[in-house]
A.B. asks: 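Sharing a structure here in structure tokens format.
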Amino acid sequence: RLFDFSIHPEYVAGPYYKNERYVTSSSSFNGLPDLVPEVGNVYGMALSSLPPNSRSFYDSFGVSVAACVRYDLGRVCFLAQDFLDVLKDEVGPWASLVQAMINYE
């Protein structure tokens with residue numbers, strides 16, 4: 001349990017697709033690619049276990065790899081990438097996703 005959430009980790013093979021439902025033309029996710037590849041260790045969160053006010057920005061087959069949820073006066077975001085086994089030429093889409101999550105409003 002983290003932040004009183006009972007979120008279940010789950011693995012599903014990539015690629016992971018942008019969820020257009022929550023990506024608006026004015027959001028920080030708008031210019032990102034339609035999919036991010038599976039590189040390194042990617043363990044996401046089961047969409048069914050996310051709180052009701054969550055937003056999954058990239059997911060595949062019921063597993064989110066990039067999501068945010070409102071908490072108290074702020075937001076808790078999760079990115080399913082540890083960056084340990086990612087080669088320099090593979091990091092691009094994931095690095096852009098980190099930046100978009102930091103800038104998300």
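In this chain, numbering begins with 1 at the start of the sequence shown.
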A.B. asks: Which pairs with one or both residues in residues 20-84 pass disulfide (SG to SG under 2.5 Å), sequence neighbours excluded?
C.D. replies: Cys68-Cys77
A.B. asks: Residues in ring-ring contact (aromatic ring centres under 6.0 Å, His included) with Phe78, at least two apart?
C.D. replies: none
A.B. asks: Under the rule for ring-ring contact (aromatic ring centres under 6.0 Å, His included), what residues qualify as partners of Phe57, not counting sequence neighbours?
C.D. replies: Phe29, Tyr104
A.B. asks: Apply side chain to side chain contact (heavy atoms under 4.5 Å, CB included) to Val65 and list each qualifying residue two or more places apart in sequence or on a separate chain.
C.D. replies: Tyr16, Val42, Tyr58, Ala80, Trp94
A.B. asks: Taking side chain to side chain donor-acceptor pair (under 3.5 Å) as the cut-off, I'd like each qualifying pair that reaches into residues 43-55, sequence neighbours left out, listed once.
C.D. replies: none
A.B. asks: Are side-chain heavy atoms of Pro15 and Ser60 found at a separation under 4.5 Å?
C.D. replies: no
A.B. asks: For Asn19 and Arg21, indicate whether the former's side chain and the latter's backbone hold a donor-acceptor pair under 3.5 Å.
C.D. replies: yes
A.B. asks: If you measure from CD on Glu10 to NE2 on His8, what distance do you get to the nearest 0.5 Å?
C.D. replies: 9.5 Å
A.B. asks: Quick one, Leu47 with Val63, criterion side chain to side chain contact (heavy atoms under 4.5 Å, CB included). Give me CA distance, side-chain angles, the key distance, then yes/no.
C.D. replies: CA-CA 5 Å; Leu47 287 172; Val63 175; 5.9 Å; no
A.B. asks: For Leu50 and Met45, run side chain to side chain contact (heavy atoms under 4.5 Å, CB included): C-alpha distance rounded to whole Å, both residues' side-chain angles, the deciding distance at 0.1 Å, then the answer.
C.D. replies: CA-CA 7 Å; Leu50 293 178; Met45 304 170 293; 3.8 Å; yes
A.B. asks: For the side chain of Asn103 and the backbone of Gln99, is there at least one donor-acceptor N/O pair under 3.5 Å apart?
C.D. replies: yes
A.B. asks: Listing request: all disulfide (SG to SG under 2.5 Å) pairs with a residue in residues 18-56, at least two apart in sequence or in separate chains.
C.D. replies: none
A.B. asks: For a 4.5 angstrom cut-off between non-hydrogen side-chain atoms, does Arg75 reach Val69?
C.D. replies: no
A.B. asks: Examine Tyr17 and Leu32 and state if one hydrophobic cluster contains both, with Ile, Leu, Val, Met, Phe, Trp and Tyr joined whenever side-chain heavy atoms are less than 4.5 Å apart.
C.D. replies: no
A.B. asks: Check Ala67 against Ser56 and note the closest heavy-atom contact, atom names and distance.
C.D. replies: CB-CA, 4.0 Å
A.B. asks: Going through the checks in order, is the side-chain hydrogen bond (donor to acceptor under 3.5 Å, both in side chains) test met by Ser27 and Asn30?
C.D. replies: CA-CA 6 Å; Ser27 80; Asn30 184 42; 5.9 Å; no
A.B. asks: Closer than 3.5 angstrom, by distance alone: can the side chain of Gln81 be matched with the main-chain N or O of Val39 as a donor-acceptor pair?
C.D. replies: yes
